[in-house]
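Reviewing the structure listed below.
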Amino acid sequence: MNNFIIKEINKDINNGLSKKKLKFRFAPEPNGVLHLGHVKALYINFKLAKLFNCKINLRFDDTNPKNENLFYVKKIINNIKWLGFKWNKLSFTSDYFLILYKWAKKLIIKKKAYIQYYNKNTQKNYNVYDIDKNLYHFNNMKLGKYDENMFVLRANISKELPNYHLKNPIIYRIIKKNHYKTLNKWCIYPTYDWAHGQSDYIEKISHSLCSIEFQNHKPLYNLFINYIYNKTFNSLKPKQIEFSKLNIIDTITSKRQFNYLIKKKIIKNYEDPRLSTLNSFKKKGYKSIYIINFIKKIGFTKRNYNISIKTLDIEVKKILIKKAPIIMVLFNPIKLIIKNFKKKYVKWIKLNNKYKIPFTRYIYIEYDDFKLKHDNTFYRLSLKNYIRLKYSYIIKAYKIIKKKNKIKKIYCKIYKNIKNIKSTIQWVSYNFIKKIKILNYKYIYFNKKKNKIYNINSLKSIIGYTDKIYIKNLKINNIYQFLRIGFFYFYKKNNFIKILYMEKKY
RNA sequence: AGACUCGUGGUGUAAUGGUAAGCACAUCAGAUUUUGAUUCUGACAGUUAAGGUUCGAAUCCUUACGAGUCUACCA
């Protein structure tokens, strides 16, 4: 693995940064569960910690009690454990509320921050540039004497700069809601800009990796660290490095949209298989390695890109094609009569030392695997093609019976010593058929340009048929290949979830 | 509109200013095959454009064009 982040860190080391001082952090806000996009940030941070053999913190960036709660903290921790990443220290930005508050007061004293308030009568904002008054109002804010939206603390930087984030950004606001961790201790909360870099500095993080939308905040990040810098406490200034975030066109990774879908009752929770949260993948029987392999594949750069969720499917398929045991399943069965096979006879075909499947005179095959009109590009069953029934005989059709223009029965004969069979198909014996339920879905996705959500109703249940003897051998929570169809997760008795279809080229 | 960031085959990524721009996926052929899968072999295809600096530019500079992010009391 080589990417610009590693290069940048190596550069810092060559410029004198001690390797011992390297430290990373993953800092999610506990306002939702993790999705595919988070894994990118997770992976790079934990990978770097491993690569440089240094420490990594898991820090919950909990500066806004309106959005956050303990439920998500627990969920996120479980998600990270599921992925197999181990952190050295668990921390919370809320642990630092007191010191952040003290630093903000210092800022006021240094005339680098001021109070702004909104006067209802005149509908205007007023700024206070008097240190004592600023401290007075800030204290009142803290004591809960003011309402939300009336008073804020702003940094005093410049109104002239073109970068909006440097235009006297708000660093403290009033939020009168209990914080899940600090409870009712605070009613003022630092904003991201005033909390994140400072927390990195407190935790002695050397490189603070984040996605590219924070690049506009970088000057502010550096400026605020310079404000609070104290050589005796920590001589290392953390460095923010941005990388492009995971942009998948055919699934949703935005929490806002998850919430919208829940609100509209399109999905029940974050575990819906049409989503791309880690929980929904877990529910579909995915192993974390599938997702990690996918993230590795994507790489880390600063350029923006759009990729398809199919890239994940490719990685999943690579693993499953080697691992997943095969079963024969039909979706749309059609009856086959094998004329030269004994009536009422059951031939048990050994698949391996353990398992057998029954073959009889009457079997089903997939409707699409037969074609009446001969065609050179069609390899499967027809009146001309010899084909092999998987694990068993070579057959050819010689007669069909139609009802209302639809084929109802196909008469076949077994042939021997036929070579160059082009196709092998799946089948199930008539008396041994078992109905199964398959949950089929497509990812819900949002088209930004068209401002439209797609595949809302894509979760559909379909019926399949398989062998009732063989299905008893299957293990719950395993993934199986439905021969020539795709990969399916066996999640409860007689029930499967689709993982991916094999691509059909015919 | 401005500020910031980024432009390498269809897609995702490599290349201390120095070999003929490498790899993977996709696509298309051929071989193997009891999955039209897999596997193997091969082919196709690229530095956004124009200038400049240089013995030498994907890389540095300028301009144009294109894309993304931001312009929240969210992170």
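Just so it is clear, the structure is predicted and the values come from calculations on it, not from any experiment. Note on naming: letters A, B, ... go to the chains in the order of the sequence lines (proteins, then strands), and numbering restarts at 1 for each one.
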Please work out if [X] contacts a base, only the sugar-phosphate, or nothing of the nucleic acid, heavy-atom cut-off 4.0 Å.
| X | result |
| --- | --- |
| A:F378 | base |
| A:T377 | base |
| A:Y391 | base |
| A:H196 | nothing |
| A:N64 | sugar-phosphate |

### Message
If you apply the rule salt bridge (Lys or Arg N to Asp or Glu O under 4.0 Å), what do you find for A:E315 with A:K318, and how did you get there?
### Response
CA-CA 5 Å; A:E315 293 307 312; A:K318 265 189 199 168; 3.6 Å; yes
Can you tell me the distance, in whole Å, between the [atom1] atom of [X] and the [atom2] atom of [N]?
| X | N | atom1 | atom2 | result |
| --- | --- | --- | --- | --- |
| A:I76 | B:A75 | CD1 | C1' | 12 Å |
| A:K317 | B:U39 | NZ | C1' | 12 Å |
| A:Y386 | B:U34 | OH | C1' | 18 Å |
| A:N420 | B:A31 | CG | P | 12 Å |
| A:F151 | B:C73 | CZ | P | 17 Å |
| A:K390 | B:G36 | NZ | C1' | 13 Å |
| A:Q215 | B:U69 | CD | P | 10 Å |
| A:Y501 | B:A37 | OH | C1' | 16 Å |

Distance, [atom1] atom - from [M] to [N], rounded to whole angstrom:
| N | M | atom1 | value |
| --- | --- | --- | --- |
| B:U59 | B:A21 | C1' | 12 Å |
| B:U11 | B:A45 | P | 16 Å |
| B:A29 | B:C44 | P | 15 Å |
| B:C4 | B:C23 | C1' | 32 Å |
| B:U47 | B:A37 | C1' | 36 Å |
| B:A58 | B:G18 | C1' | 13 Å |
| B:G9 | B:G52 | C1' | 28 Å |
| B:A50 | B:A14 | C1' | 27 Å |

### Query
Looking at B:U35, does its base get a donor-acceptor pair with the side chain of A:Q481 below 3.5 Å?
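It does, because a donor-acceptor pair links the side chain of A:Q481 to the base of B:U35 below 3.5 Å.
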### Message
Quiz question: going by heavy-atom distance under 3.5 Å, is there a donor-acceptor pair between the base of B:G36 and the side chain of A:R380?
### Response
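Check passes, donor-acceptor contact within cut-off.
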### Query
Just wondering, more than 12 heavy atoms not from A:K302 lying within 6.0 Å of its NZ?
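Counting other residues, nucleotides and ligands, NZ of A:K302 exceeds 12 neighbours.
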### Query
Which residue, A:Y290, A:Y270, A:Y286, forms the ring-ring contact (aromatic ring centres under 6.0 Å, His included) with A:F281?
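The residue from A:Y290, A:Y270, A:Y286 that satisfies ring-ring contact (aromatic ring centres under 6.0 Å, His included) with A:F281 turns out to be A:Y286.
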#### Entry: A:F487, A:Y489, A:F490 screened by ring-ring contact (aromatic ring centres under 6.0 Å, His included) with A:F496, the one that passes
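Considering A:F487, A:Y489, A:F490, a ring-ring contact (aromatic ring centres under 6.0 Å, His included) with A:F496 is found only for A:F490.
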### Query
Which word best sums up how the rings of A:Y201 and A:W103 line up, parallel for under 30°, tilted for 30 to 60°, or perpendicular for over 60°?
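Rings of A:Y201 and A:W103: tilted, as their planes differ by 30° to 60°.
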### Task
For the pair A:F97 and A:Y189, name the ring-plane relationship: parallel under 30°, tilted 30 to 60°, perpendicular over 60°.
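Answer is perpendicular, since the angle exceeds 60°.
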### Query
So A:E242 and A:Q240, side chain to side chain donor-acceptor pair (under 3.5 Å) or not? Walk me through it.
CA-CA 7 Å; A:E242 312 89 7; A:Q240 176 177 307; 3.1 Å; yes
### Query
Are A:W87 and A:F26 close enough that their ring centers fall under 6.0 Å?
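Between A:W87 and A:F26, the centre distance exceeds or equals 6.0 Å.
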### Query
What pattern of brackets, bars and dots sums up RNA chain B from 5' to 3', given Watson-Crick or G-U wobble pairs under 3.5 Å, [ ] for crossing pairs and | for another strand?
(((((((..((((....[...)))).(((((.......)))))....(((((..]....))))))))))))....
### Task
Go through the steps to decide whether A:D12 and A:H207 satisfy the test side chain to side chain donor-acceptor pair (under 3.5 Å), and finish with yes or no.
CA-CA 10 Å; A:D12 290 338; A:H207 296 88; 2.7 Å; yes
Compile the donor-acceptor pairs under 3.5 Å between side chains in residues 145-153 of chain A and protein atoms, sequence neighbours left out, one pair per line.
residue : atom : partner : partner atom : Å
A:Y146  : OH   : A:H137  : ND1          : 2.7
A:Y146  : OH   : A:N140  : ND2          : 3.0
A:E148  : OE1  : A:K66   : NZ           : 3.4
A:E148  : OE2  : A:K176  : N            : 2.6

### Query
Which comes earlier along RNA chain B counting from the 5' end, the contact point of A:I485 or that of A:F214, where each point is its nearest nucleotide?
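Closer to the 5' end of RNA chain B: A:I485.
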#### Entry: Residue closer to the 5' end of RNA chain B, A:Y192 versus A:I425 (nearest nucleotide)
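The answer here is A:I425.
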Detail all sub-3.5 Å separations between protein N/O atoms and N/O atoms belonging to nucleotides 11-17 of chain B.
residue : atom : partner : partner atom : Å
B:G12   : O2'  : A:I298  : O            : 2.8
B:U13   : OP1  : A:T301  : OG1          : 3.0
B:U13   : OP2  : A:R303  : NH1          : 3.2
B:U13   : O5'  : A:I298  : O            : 3.2
B:A14   : OP1  : A:F300  : O            : 3.4
B:A15   : OP1  : A:K7    : NZ           : 2.6
B:A15   : OP2  : A:K7    : NZ           : 3.2

Go through [options] for me and flag the one nearest to the [X] side chain.
| X | options | answer |
| --- | --- | --- |
| A:M502 | B:A75, B:U5, B:A37 | B:A37 |
| A:D61 | B:U38, B:A75, B:G36 | B:A75 |
| A:N216 | B:C4, B:A26, B:C73 | B:C4 |
| A:K318 | B:C25, B:U35, B:U27 | B:C25 |

### Query
Any side-chain N or O of A:R173 less than 4.0 Å from the OP1 or OP2 oxygen of B:C74?
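Looking at the OP1 and OP2 atoms of B:C74, one of them is under 4.0 Å from a side-chain N or O of A:R173.
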### Query
Between B:A75 and A:T63, is there an OP1 or OP2 to side-chain N/O distance shorter than 4.0 Å?
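Yes, within the criterion.
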### Query
Is the shortest distance from a Lys or Arg side-chain nitrogen in A:R59 or A:D95 to a carboxylate oxygen in the other one below 4.0 Å?
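Salt bridge flag = no for A:D95 with A:R59.
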#### Entry: Stepwise ring-ring contact (aromatic ring centres under 6.0 Å, His included) test for A:Y192 and A:F214
CA-CA 11 Å; A:Y192 168 86; A:F214 290 103; 4.8 Å; yes
